Protein chains: 2
Amino acid sequence: MLKNKIPKPTGSELEILRLLWENGPSSVRSVNEQLNLKKETGYTTTLKFMQIMLDKKLVTRNTDSRSHIYKAAINQEETQRDLLGNFVDNVFGGSAMSLVMQALGNHDASPEELDKIKDLIKKMEGK
Amino acid sequence: MLKNKIPKPTGSELEILRLLWENGPSSVRSVNEQLNLKKETGYTTTLKFMQIMLDKKLVTRNTDSRSHIYKAAINQEETQRDLLGNFVDNVFGGSAMSLVMQALGNHDASPEELDKIKDLIKKMEGK
DNA sequence: TTGATTTTACGAAAAACTTCGTATAAACTT
DNA sequence: AAGTTTATACGAAGTTTTTCGTAAAATCAA
């Protein structure tokens, strides 16, 4: 069965998804408090976003208790993969390699991180 | 001297910038034709975008001849770096490494590409 | 030179995204 | 139970981004 296409989250929606991924299922209040650590956001604004996201099937919610508990409905890694694919296309003309080279080059990687990459490369060469 | 902050290009603006980077200074007609290879776009729509971009200083133009010639006013690599930084923050919570790992993992890299990365890693370890 | 074509300028509609006010209902508080 | 607080629902206003119609100017062709 074909999976219903779920729309790409907007920037604000992604912020909320990231909180839900990080903290697990949460109330609007809790998400709103987290958002406010970064930037002033009205409670009803956050509520509205989460209702829109519910509509778009980006989240589900449990309405057993008075304060509804929202839960991410899309997978973090898969979403990152999709967005990364778009980004590579839009910004790096489809060349994942030039993105990797830039990301690596612009970032002060620790020896451990470099080791991880080397391992991955070995695996890729091996197969 | 502080460089005047030039706004981040929108998605559509970026498409046009990519053409200007790739093909060099171009007329509206030429950009519009390129865009139309990917998706139907009205001529005046393209024109309007390029006028907006001029306004935002994303491009400059030469008006000597009747058909104005537009030129990217921002640097490709620098722009890619900026956008990449934002993207890493927004989607990968600031972890460039997890982005690199995903990008590498999701992409069938050729041996040559892997070699290039290995070289880069060596350089990074060396210093 | 007159009419057709190509171009720019401008404004504004349309669409997508963000923000919030207000109403209403539920549930604490005293 | 009455008043206060906390929640959701809903609509709509505000912004940003995208799209395009129309007019006017410049060029080209017969």
Side-chain angles (χ1 to χ4, degrees), chain A residues 5-20 25-71 74 79 83 86-87 90-91, chain B residues 5-20 25-71 74 79 83 86-87 90-91:
Chain A
K5 176 90 178 315
I6 284 175
K8 187 167 85 128
T10 68
S12 304
E13 289 167 352
L14 192 62
E15 286 184 74
I16 291 174
L17 281 172
R18 297 224 302 120
L19 293 171
L20 294 178
S26 313
S27 65
V28 173
R29 172 127 336 259
S30 145
V31 167
N32 181 247
E33 274 161 11
Q34 300 287 314
L35 289 179
N36 272 281
L37 299 179
K38 288 283 172 187
K39 68 164 179 172
E40 178 94 21
T41 308
Y43 176 83
T44 51
T45 301
T46 303
L47 171 64
K48 184 61 164 184
F49 275 132
M50 294 176 80
Q51 285 169 342
I52 290 171
M53 291 167 78
L54 179 68
D55 220 65
K56 293 186 181 175
K57 309 282 176 58
L58 292 170
V59 298
T60 57
R61 72 177 173 187
N62 179 314
T63 58
D64 289 352
S65 52
R66 179 154 91 100
S67 99
H68 301 172
I69 301 301
Y70 290 76
K71 181 168 170 293
I74 61 180
T79 304
L83 294 175
N86 281 334
F87 184 76
N90 296 336
V91 179
Chain B
K5 175 88 178 316
I6 284 174
K8 190 166 83 120
T10 68
S12 304
E13 288 168 351
L14 192 62
E15 286 184 73
I16 292 173
L17 280 172
R18 297 225 301 121
L19 292 171
L20 294 178
S26 312
S27 65
V28 173
R29 173 129 333 262
S30 147
V31 167
N32 181 246
E33 273 160 11
Q34 299 289 314
L35 288 179
N36 272 280
L37 298 178
K38 287 286 172 185
K39 66 163 178 175
E40 177 95 20
T41 309
Y43 176 83
T44 52
T45 301
T46 303
L47 171 65
K48 184 59 164 186
F49 276 133
M50 294 176 79
Q51 286 169 341
I52 290 171
M53 290 166 80
L54 179 68
D55 219 66
K56 292 186 181 176
K57 310 281 176 58
L58 292 170
V59 298
T60 57
R61 72 177 173 189
N62 179 313
T63 58
D64 288 352
S65 53
R66 179 152 92 102
S67 101
H68 300 171
I69 301 300
Y70 289 76
K71 181 170 170 292
I74 62 180
T79 304
L83 295 174
N86 281 334
F87 183 77
N90 296 337
V91 179

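Nothing here was measured: the structure is a model prediction, and the numbers come from that model. Order of the sequence lines sets the chain letters (A, B, ...), proteins ahead of strands, with each chain counted from 1.
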Give the rounded distance in Å between these two atoms: CG of Leu47(A) and P of dC17(C). 19 Å
Note: chain A reaches DNA chain D at heavy-atom distances under 4.0 Å over the stretch, first to last nt, 5' to 3', of dT6(D) to dA12(D)
Under-3.5 Å N/O pairs linking protein and nucleotides 11-15 of chain C:
| unit_1 | atom_1 | unit_2 | atom_2 | d |
| --- | --- | --- | --- | --- |
| dG11(C) | N7 | Lys48(B) | NZ | 3.3 |

Counting any heavy atom closer than 4.0 Å, what does Gln51(A) reach on the DNA or RNA strands: base, sugar-phosphate only, or nothing? base
Are Tyr43(B) and dT8(C) close enough that a side-chain N or O sits under 4.0 Å from OP1 or OP2? yes
Please classify the nucleic acid contact of Thr10(B) as base, sugar-phosphate, or nothing, using heavy-atom distances under 4.0 Å. sugar-phosphate
From Lys48(B) atom NZ to Asp55(B) atom CG, the distance as rounded to the nearest 0.5 Å: 8.5 Å
Just the rounded figure in Å: distance from C1' of dC17(C) to CD of Glu15(A). 13 Å
Take the protein atom CG of Asp55(A) and the nucleotide atom P of dA16(C), then report the distance between them rounded to whole Å. 15 Å
Just how far, in rounded Å, is C1' of dT7(C) from CG of Asp64(B)? 16 Å
With sugar-phosphate meaning primed atoms plus P, OP1 and OP2, does Thr44(B) contact a base, only sugar-phosphate, or nothing at under 4.0 Å between heavy atoms? base
Rounding to an integer number of Å, can you tell me how far Met50(A) CE sits from dT18(C) C1'? 16 Å
Ser67(B) vs dT7(C): side-chain N/O to OP1/OP2 distance below 4.0 Å: no
Inspect the contact between Lys38(B) and Glu15(B) and indicate whether a charged nitrogen and a carboxylate oxygen are less than 4.0 angstrom apart. no
Gap between atoms CD1 and C1', on Ile16(A) and dT19(C) respectively (whole Å): 12 Å
Residue of the set Lys56(A), Lys57(A), Arg18(A) for which salt bridge (Lys or Arg N to Asp or Glu O under 4.0 Å) holds with Glu13(A): Lys56(A)
What string of B, S and - do you get for nucleotides 23-30 of chain C, 5' to 3', when a contact is any protein heavy atom under 4.0 Å? --BBS---
